[in-house]
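Everything quoted here is computed from the prediction, not taken from an experiment.
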Amino acid sequence: MNTHYTAVAKGLHWLMALLILGMLALGFYMTDLPLSPDKLQYYSWHKWAGVSVFILVWLRLAWRLMFPPPALPAGLSSAMTFAAHAGHWVLYALMVLIPLTGWLMSSAKGFQTVWFGVLPLPDLLAKDKALGDQLAQLHWALNVGLLLLIAGHAAAALWHHLVHKDDTLRRMLPAR
């Protein structure tokens, strides 16, 4: 049985972690800016990264199916095992739902998503301002949930490392 994640799994994990944390910071920053060329550019960058995360999460899920993660450490209670598995699957669900709600919101607000300014993606909804506003609220709420879940994920990894003194954190670090 494998005891560590593959190099590809580690690379995807840390690449997506950096992308998502950057997008969260940019997303919370840009929303309150006054309309300006800079704000429009930030929105473009945010959408580009969102589409990239949406693609990467599917690659990551495919990789996970082909190369299952290592088993959880022995000795975890059934509640902790459930929390670990549920936390990971909710993270994956949010990594799919958040870009999707962003894309739906952009469509409903009448702003086409153009990946890296080159590849126009189809609008998923007809223009509908009220629906766009509702999707914006949902997108924001899902991002707040993601931020809280990431904090819990990091805290759990540190708890395993510092309190349990097991290999949970080390097996996902880029270099051993």
Side-chain angles (χ1 to χ4, degrees), residues 1-33 42-43 45-105 115 134-176:
M1 183 185 311
N2 57 337
T3 59
H4 287 79
Y5 288 89
T6 65
V8 171
K10 291 178 187 182
L12 286 169
H13 175 274
W14 292 107
L15 172 63
M16 291 184 72
L18 289 172
L19 268 172
I20 290 169
L21 290 173
M23 287 180 57
L24 284 165
L26 180 60
F28 287 119
Y29 170 73
M30 71 186 189
T31 54
D32 291 330
L33 292 176
Y42 297 151
Y43 269 83
W45 292 343
H46 186 77
K47 287 177 169 188
W48 299 348
V51 172
S52 298
V53 165
F54 191 69
I55 292 167
L56 287 171
V57 73
W58 292 109
L59 291 173
R60 191 168 171 190
L61 283 166
W63 190 263
R64 185 181 176 108
L65 288 173
M66 291 186 301
F67 300 93
L72 293 173
L76 290 183
S77 70
S78 59
M80 291 179 73
T81 300
F82 174 79
H85 289 302
H88 279 104
W89 288 111
V90 172
L91 279 169
Y92 282 113
L94 289 172
M95 287 186 280
V96 169
L97 290 173
I98 291 170
L100 186 57
T101 59
W103 188 2
L104 289 165
M105 173 184 56
W115 194 31
Q134 289 175 333
L135 286 164
Q137 290 177 348
L138 177 60
H139 188 68
W140 183 85
L142 290 173
N143 276 287
V144 170
L146 178 62
L147 189 58
L148 294 172
L149 195 56
I150 288 170
H153 182 71
L158 290 172
W159 180 76
H160 274 280
H161 187 71
L162 299 172
V163 176
H164 267 275
K165 301 192 184 310
D166 62 29
D167 208 23
T168 300
L169 177 62
R170 279 189 295 276
R171 66 188 186 174
M172 183 49 88
L173 292 176
R176 293 210 34 220

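Separating the CG atom in Leu94 from the CG atom in Leu100 is a distance of 12.0 Å, to the nearest 0.5 Å. Interatomic distance, Leu21 CG to Met16 CE, rounded to the nearest 0.5 Å: 11.5 Å. Atoms CE and NZ, on Met23 and Lys47 in that order, are 11.5 Å from each other to the nearest 0.5 Å. Atom NE2 of His4 sits about 9.0 Å away from atom CG of Leu173, to the nearest 0.5 Å.
Looking at Thr6, Val57, Leu56 one by one, the single match for side chain to side chain contact (heavy atoms under 4.5 Å, CB included) with Leu12 turns out to be Leu56.
Closest approach of Tyr5 to Lys10, counting heavy atoms only: O-CE, 3.4 Å. Between Gly50 and Pro99, the closest heavy-atom pair is O-CB, 3.5 Å. The minimum heavy-atom distance between Ala84 and His88, with the atom names listed, is O-ND1, 2.9 Å. Looking at every heavy atom in both residues, Leu61 comes nearest to Tyr92 through CD2-CD2, 3.6 Å.
Side chain of Trp115 to backbone of Trp48: a donor-acceptor contact under 3.5 angstrom is found.
For Phe28, the CZ atom sits in a packed shell: over 12 heavy atoms of surrounding residues, nucleotides or ligands are nearer than 6.0 Å. Annotation: Trp58, atom CH2; neighbour count of heavy atoms from other residues, nucleotides and ligands within 6.0 Å does not exceed 12.
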Using atom types as modelled, flag every donor-acceptor pair under 3.5 Å from a side chain in residues 136-152 to any protein atom, sequence neighbours excluded.
unit_1 : atom_1 : unit_2 : atom_2 : d
His139 : ND1    : Ile98  : O      : 3.0
His139 : ND1    : Thr101 : OG1    : 2.8
His139 : ND1    : Gly102 : N      : 3.3
Asn143 : ND2    : His139 : O      : 2.7

I'd like to know whether His160 forms a side chain to side chain contact (heavy atoms under 4.5 Å, CB included) with Leu76, so could you lay out the CA-CA distance, the side-chain angles of the two residues, the decisive distance to 0.1 Å, and finally the verdict.
CA-CA 10 Å; His160 274 280; Leu76 290 183; 3.7 Å; yes
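Shown here are the side-chain contact (heavy atoms from CB on, under 4.5 Å) partners of Tyr42, two or more places apart in sequence or in another chain: Leu26, Tyr29, Met30, Leu33, Asp38, Trp45.
No side-chain heavy atom of Arg171 sits under 4.5 Å from any side-chain heavy atom of Pro69.
Ring pair Phe54/Trp103 is perpendicular by interplanar angle, where above 60° counts as perpendicular and below 30° as parallel.
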